Each structure stands twice: as structure tokens, then as C-alpha cells.
Amino acid sequence: MVNIPKTRRTFCKDRDCRKHTLHKVTQYKTGKASLFAQGKRRYDRKQKGFGGQTKPIFKKKAKTTKKIVLRMECTVCKAKKQIPLKRCKHFELGGETKKKGDVLQFK
């Protein structure tokens, strides 16, 4: 279980800042695939008409997790940067943090 705070003080490389500032942290999510990307246009043209499936469909998935990518936005200059983390099954953004000497409570 990886738990990361929603804000982080870290270095901003933008030419306006170039110092440690507060950054807003979010999890990176891939955008919607475009219908007009060259690969998609080529694939659609190849699929058209008779002849069935023309390209292989990948079915031997080996990985069970994905690498987590943090998207950080500077609160001063709004510059954005991305930081990759290691693979993990459970990722939490801004969850409750463990306190030192806390007693475990079972519900």
C-alpha cells in the first residue's frame, strides 16, 4: 500500500521559479485515444472490407500491476512535471497517515 500526500514541497524547474515550492499532486491518467492518430487511421483502413481480423490481438498479459505516475503542478507558476513510482497493487492519494506509537484498531 502506497500512500502519498496531496501536496509536496519540491524543486520547480520552470524559469519563473527555479526553487523549492509547494506542488499539488495528482495521479496521471491516460487520455482518450484519438480517432485521427496515424496508427488508428491505418488500422481502421486495413480492417475495412472483407478478410476478418488483420492484425494480432494481444492475449498473453504477464503484468498484474502498472507503474504509478505522479503529476505535480507548481502552485506558484502552474508548471507541471511527472514523476514515476515503482509498481504497486494499492495506491492511495492523501489517505490517513500512520502516527508514531499508534495502537492498531481492528474493526
Side-chain angles (χ1 to χ4, degrees):
M1 176 82 143
V2 178
N3 184 14
I4 289 189
K6 287 188 177 180
T7 56
R8 180 192 279 189
R9 264 184 69 79
T10 187
F11 186 75
C12 178
K13 277 199 271 191
D14 195 64
R15 56 189 167 92
D16 301 340
C17 286
R18 287 208 178 104
K19 60 177 182 268
H20 275 72
T21 56
L22 201 67
H23 283 67
K24 193 167 78 176
V25 181
T26 52
Q27 188 178 355
Y28 168 79
K29 198 176 106 185
T30 50
K32 187 182 172 193
S34 170
L35 287 171
F36 301 106
Q38 180 60 61
K40 178 67 175 150
R41 286 179 300 182
R42 186 183 295 122
Y43 178 75
D44 289 343
R45 187 171 169 82
K46 198 171 182 182
Q47 285 291 91
K48 208 176 262 188
F50 298 112
Q53 182 66 35
T54 59
K55 286 185 144 277
I57 297 172
F58 185 69
K59 288 179 179 164
K60 294 183 178 178
K61 192 169 181 274
K63 303 279 188 284
T64 57
T65 58
K66 287 192 173 185
K67 289 180 182 177
I68 302 295
V69 177
L70 298 181
R71 190 164 179 270
M72 302 172 82
E73 184 184 340
C74 178
T75 52
V76 179
C77 67
K78 303 287 184 242
K80 293 161 189 77
K81 66 177 180 177
Q82 293 180 334
I83 293 175
L85 299 180
K86 292 182 178 178
R87 295 177 178 276
C88 63
K89 294 212 177 203
H90 302 289
F91 176 76
E92 199 176 344
L93 200 60
E96 287 184 27
T97 55
K98 289 181 188 171
K99 302 284 187 275
K100 196 170 183 181
D102 247 0
V103 181
L104 285 171
Q105 292 179 342
F106 297 104
K107 292 178 182 175

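Keep in mind the model is a prediction, meaning the values are calculated, not measured.
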Summary of ring-ring contact (aromatic ring centres under 6.0 Å, His included) pairs that have at least one residue in residues 30-81, sequence neighbours excluded: none
Inter-residue atom distance K24.NZ - K6.NZ, 0.5 Å rounding: 10.5 Å
In terms of heavy-atom contacts, C12 and T21 come closest through CB-OG1, 3.7 Å
Heavy-atom nearest pair, R8 first then M72, reads CD-CE, 3.3 Å
For residues 5-32, pull every pair meeting ring-ring contact (aromatic ring centres under 6.0 Å, His included), keeping only residues two or more places apart or in separate chains. F11-H20
Any chance you could measure Q53, atom CD, to K46, atom NZ, to the nearest 0.5 Å? 10.0 Å
R71 CZ to T26 OG1 distance, which is reported to the nearest 0.5 Å: 5.5 Å
So do the side chains of L85 and I4 get within less than 4.5 Å of each other, counting heavy atoms only? yes
Mind running side chain to side chain contact (heavy atoms under 4.5 Å, CB included) on K81 and E73 for me, showing each step along the way? CA-CA 7 Å; K81 66 177 180 177; E73 184 184 340; over 6 Å; no
Distance from C77 atom SG to K13 atom NZ, nearest 0.5 Å? 12.5 Å
For R41, check side chain to side chain donor-acceptor pair (under 3.5 Å) against everything at least two apart and list the hits. Q38
Not counting sequence neighbours, which residues clear side chain to side chain contact (heavy atoms under 4.5 Å, CB included) with C88? List them please. V2, I68, F91
Please enumerate all residues that pass salt bridge (charged side-chain N to carboxylate O under 4.0 Å, His left out) together with K40, with sequence neighbours excluded. D44
Got a sec: does the NZ of K80 have more than 12 other heavy atoms crowding it under 6.0 Å? yes
Short side-chain to backbone donor-acceptor contact, T75 and L22, under 3.5 Å: yes
For K89, give me all partners under side chain to side chain contact (heavy atoms under 4.5 Å, CB included), at least two apart in sequence or on another chain. T64, T65
Could you walk me through whether K19 and V76 pass the side chain to side chain contact (heavy atoms under 4.5 Å, CB included) check? CA-CA 11 Å; K19 60 177 182 268; V76 179; 5.8 Å; no
Closest heavy-atom pair, N3 versus G94, reported as atoms and distance to 0.1 Å, is OD1-N, 3.8 Å
Identify whether V69 and L93 are in the same connected component of the hydrophobic contact network (ILVMFWY, side-chain heavy atoms under 4.5 Å). no
Between the CZ atom in R45 and the NZ atom in K48, the distance rounded to the nearest 0.5 Å is 7.0 Å
Taking atom CD of Q82 as the centre, report whether more than 12 heavy atoms of other residues, nucleotides or ligands fall under 6.0 Å from it. yes
